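Just so it is clear, the structure is predicted and the values come from calculations on it, not from any experiment. Counting convention: from 1, in listed order, for ligands and their atoms alike. We're numbering straight along the sequence, starting at 1.
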Amino acid sequence: MSSATTTASDTRQPAVSARALVKAFGLIRAVDGIDLSLAPGRIYGLLGPNGSGKTTLIRLLIGLARPTSGEARILGTPMPSRAALARIGYMPQGEAIYPDLSVAENLAFFAALQGTRDGAAIERVLDLIELGGRRNTPAANLSGGMRRRLSLACALVHQPPVVFLDEPTVGVDPALRVQFWAHFRALAAAGTTIVVASHVMDEADRCDELLFVRAGQVIAHGTGASLRAEAGTDDLETAFLRFSGLGPDGQPLPGLTASGS
Ligand SMILES: Nc1ncnc2c1ncn2[C@@H]1O[C@H](COP(=O)(O)OP(=O)(O)OP(=O)(O)O)[C@@H](O)[C@H]1O
Ligand SMILES: [Mg+2]
């Protein structure tokens, strides 16, 4: 693992950790032996192609799926743990809001699930997603991007210290995307740990550290700058391919191994 992961906060308990984590679906090893130790108050980006195991890794880390072997912990608690759920925010890749409930009802429902009845917290996330004017609109009647915004708000409404966002800005317009990232940065500055899966390279650059995921494994981990330097390129996509042992054209590079860490 890259030295970029060694920070002052490493002396504290990791917010997220995994040891030899494996998830097999029949012959497919969607997660194939991942070790992690993520420090509190940082934003981590999971980058990797379709089917590389990002969503499965997130589901294992938060205890939504049971590992075939290995262990995941959130704030020191082995997962799955019902008690730990109140300390986790999760925005899934797919739709996870109730279409028949209004915007405000969805938020109140998710807040209540986590034991929060804080009306001010609901107003804060409504402001963030700019849907205050639509609070009584059934979720089914929102646009696709608005539903993504509501889904994000549902993940954040209980102010969890560890947040997992699976492609949070897909379908969100550019201006709001920038606001989302400003909010993620503010949350991290206040100590929240954020793990975000993304395919968007300019978003990747907003993360403190990146984890390149390929075929169920973390093939490289470090800051964007350290990964670029190690791969000898300014372009993150090319860096990913280099760590995969591939050239910019996606063809195998002679003499480079598939592991960059
Ligand atoms: N419930 C399941 N049953 C069988 N196979 C699964 C299941 N969930 C995921 N997989 C397989 O595990 C692999 C990893 O899938 P995963 O959804 O974790 O990838 P991903 O990196 O999130 O991809 P994407 O970028 O498309 O979201 C894929 O081969 C997928 O088909
Ligand atoms: Mg996914």
Colleague: Using modelled atom types only, decide if a donor and an acceptor are shared between the side chain of Ser102 and the backbone of Asn136 within a distance under 3.5 Å.
Modeller: no
Colleague: Looking only at side-chain N and O atoms, does Thr169 offer a donor or acceptor that is under 3.5 Å from a partner on Glu203?
Modeller: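 There is such a pair (donor and acceptor under 3.5 Å, judged by atom type) between the side chains of Glu203 and Thr169.
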Colleague: Heavy-atom contacts with Thr56 under 4.0 Å: which atoms of ligand 1 show up? List them by number with element.
Modeller: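 Once the distances to Thr56 are compared, the set is 9 (C), 14 (C), 15 (O), 16 (P), 18 (O).
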Colleague: Which ligand 1 atoms are under 4.0 Å away from a heavy-atom of Glu167?
Modeller: 25 (O), 27 (O)
Colleague: Can you tell which of Gln93, Lys54, Arg59, Arg214 gets a heavy atom nearest to atom 20 (P) of ligand 1?
Modeller: Lys54
Colleague: Considering the Mg ion (ligand 2), could you give the total of protein N/O/S atoms lying closer than 2.8 Å?
Modeller: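 Protein N, O or S neighbours of the Mg ion (ligand 2) under 2.8 Å, waters not counted, come to 2.
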Colleague: Does the protein place any heavy atom closer than 4.0 Å to atom 31 (O) of ligand 1?
Modeller: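 Looking at atom 31 (O) of ligand 1, one finds that no protein heavy atom lies closer than 4.0 Å.
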Colleague: Listed by chain and number, what are the side-chain hydrogen bond (donor to acceptor under 3.5 Å, both in side chains) partners of Gln159, not counting sequence neighbours?
Modeller: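 Listed in chain order: Arg124.
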Colleague: What is the distance from atom CH2 of Trp181 to atom CZ of Arg206, rounded to the nearest 0.5 Å?
Modeller: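 If I round to the nearest 0.5 Å, the distance is 7.5 Å.
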Colleague: Report yes or no: does a heavy atom of Lys23 sit under 4.0 Å from some atom of ligand 1?
Modeller: no
Colleague: Non-hydrogen atoms of Gly26 versus ligand 1: any pair closer than 4.0 Å?
Modeller: no
Colleague: Between the side chain of Arg148 and the main-chain N/O of Glu167, is any donor-acceptor distance below 3.5 Å?
Modeller: yes
Colleague: Could you identify the single nearest non-hydrogen protein atom to atom 14 (C) of ligand 1 and state the distance to 0.1 Å?
Modeller: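 Nearest protein contact, heavy atoms only, for atom 14 (C) of ligand 1 is Gly51 O, 3.4 Å.
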